[in-house]
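Below you'll find the structure, written out as structure tokens, and then a few comments.
Here the structure is a predicted model, which means the values were calculated and not measured.
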2 protein chains.
Amino acid sequence: MPRGDAPAELILEVALRLFARNGVAGTSLQQIADALGVTKAAVYHHFRTKSALVAAVLAPAFDEVARATAAARTVPDLAQRRRLLVHDLAANAVGNRAVYAVMLRDVAVGAVLAEDSARAATAAFDELHALLIGPDGTPATVVRVGMFLSGLAAHTADATLATMADDDLRAGIVEVGEALLGPW
Amino acid sequence: MPRGDAPAELILEVALRLFARNGVAGTSLQQIADALGVTKAAVYHHFRTKSALVAAVLAPAFDEVARATAAARTVPDLAQRRRLLVHDLAANAVGNRAVYAVMLRDVAVGAVLAEDSARAATAAFDELHALLIGPDGTPATVVRVGMFLSGLAAHTADATLATMADDDLRAGIVEVGEALLGPW
DNA sequence: GTCTATATAGAGATAGAC
DNA sequence: GTCTATCTCTATATAGAC
């Protein structure tokens, strides 16, 4: 998936839209090709397998997670670190709702991640998880972190959130983050 | 799906386990039949379509939601109503993790619900949503409710929560509910 | 880089014997 | 109530022409 390849970029956009709406397993390459007005073979010219296409669709989100994790890693104070992560994650999740919906909610993504060209992605996510929890591994804290992360994709299953303006949704997520992981 | 039909009950259990692990779209009737040690035709004798099987798997959870909604409907005070719903939902979600995971996280369920033998189920869920929000429809409140509900299935995407003891997880969910929707 | 055509496998679903 | 066998359709994926 070369940089700046317009056809490939277009495939990724269309595929993401369909993955978010119907799930990865519920979206065939035929549907993607139809939505693009090309044939399946044209799609296969850009991505060797469906799995590679899924990985390419998710890659930007994984990169964002990796960047947020790297930034948070350098903040020793737990409260400040959580504040940074909550703000980053809220902005990222709202800024690209569809990819976060697929990444956080679609069970089929697990299979792609296990395929282990994506081990870096899972490692970054695990580290982010640990950075949010901090040294206190009590069940109460673990549940707070888990429910906050899960809630980053709440807009997918909630019609009211789905149509909410970006600013309101982002502010709401930050507020929830502070209620659960603050004060900071 | 007759009551007390042992084979049908067994099919539902096995199907739920596979749906929760691999998603509805990622689970074929062949896989379900193999896990049961029977053929596809035997499964089709109990459920006319895959969609009917999915609906039957989810029915107990929809009934629980309907009961919790009916109970909450009679509580006029918002704080007390939220307290009741948070406790009910936490107990239900932890008591049957797999079915809540499928119901809240699987995009393929949306298609089954749209099929509209299940309109009662969506109506109950919509009312529950409204009962949790109350008269205050500000974005902040809507996001709190949406993220809490989404978080009821957090155990699916979080290995630490997946292995957490029922009591700890339920208490954690209640605590998150109070932090987001309390005090009561 | 996109096409037609096809290989192969598996999906959902049904018929009819036992 | 379960089986074998089969239908039809669609899935992923590939070969090779243009």
| Between D:dC3, D:dG1, C:dT2, which nucleotide has the shortest distance from any of its atoms to the side chain of A:Pro7? | C:dT2
Could you list the donor-acceptor pairs under 3.5 angstrom formed by side chains in residues 176-184 of chain B, with sequence neighbours left out?
none

| task | Starting from the C-alpha separation in whole Å, work towards a yes-or-no answer on side-chain contact (heavy atoms from CB on, under 4.5 Å) for A:Leu58 and A:Phe19. | result | CA-CA 11 Å; A:Leu58 295 175; A:Phe19 288 162; over 6 Å; no
| said: In whole Å, I'd like the distance from the NE2 atom of B:His45 to the P atom of D:dT4. | reply: 16 Å
| said: Measuring to OP1 and OP2 of D:dC3, would you say a side-chain N or O of B:Thr39 lies under 4.0 angstrom away? | reply: yes
| Interatomic distance, B:Ile11 CD1 vs D:dG1 C1' [rounded to whole Å] | 10 Å
| note | In this structure, OG1 of A:Thr156 is separated from CG of A:Leu161 (nearest 0.5 Å) by 9.0 Å
| task | Let me know the distance between CZ of B:Phe47 and P of D:dT2, rounded to the nearest Å. | result | 11 Å
| Without hydrogens or angle criteria, can the side chains of B:Asn22 and B:Thr27 be said to hold a donor-acceptor pair below 3.5 Å? | no
| request: Take the protein atom CD1 of B:Ile32 and the nucleotide atom C1' of C:dA11, then report the distance between them rounded to whole Å. | output: 12 Å
| said: Just the rounded figure in Å: distance from C1' of D:dA11 to CG of A:Asp34. | reply: 13 Å
| Hey, are A:Asp166 and A:Arg97 close enough for a salt bridge, meaning a charged N less than 4.0 Å from a carboxylate O? | yes
| query | To the nearest Å, how far apart are A:Gln31 CD and C:dA11 C1'? | reply | 14 Å
| task | Taking the side chain as every heavy atom from C-beta outward, state whether B:Leu132 and B:Arg81 have any pair of such atoms under 4.5 Å apart. | result | no
| query | How does protein reach along nucleotides 12-18 of chain D, written 5' to 3' as B (base within reach of a heavy atom under 4.0 Å), S (only sugar-phosphate), or - (no contact)? | reply | BBBB---
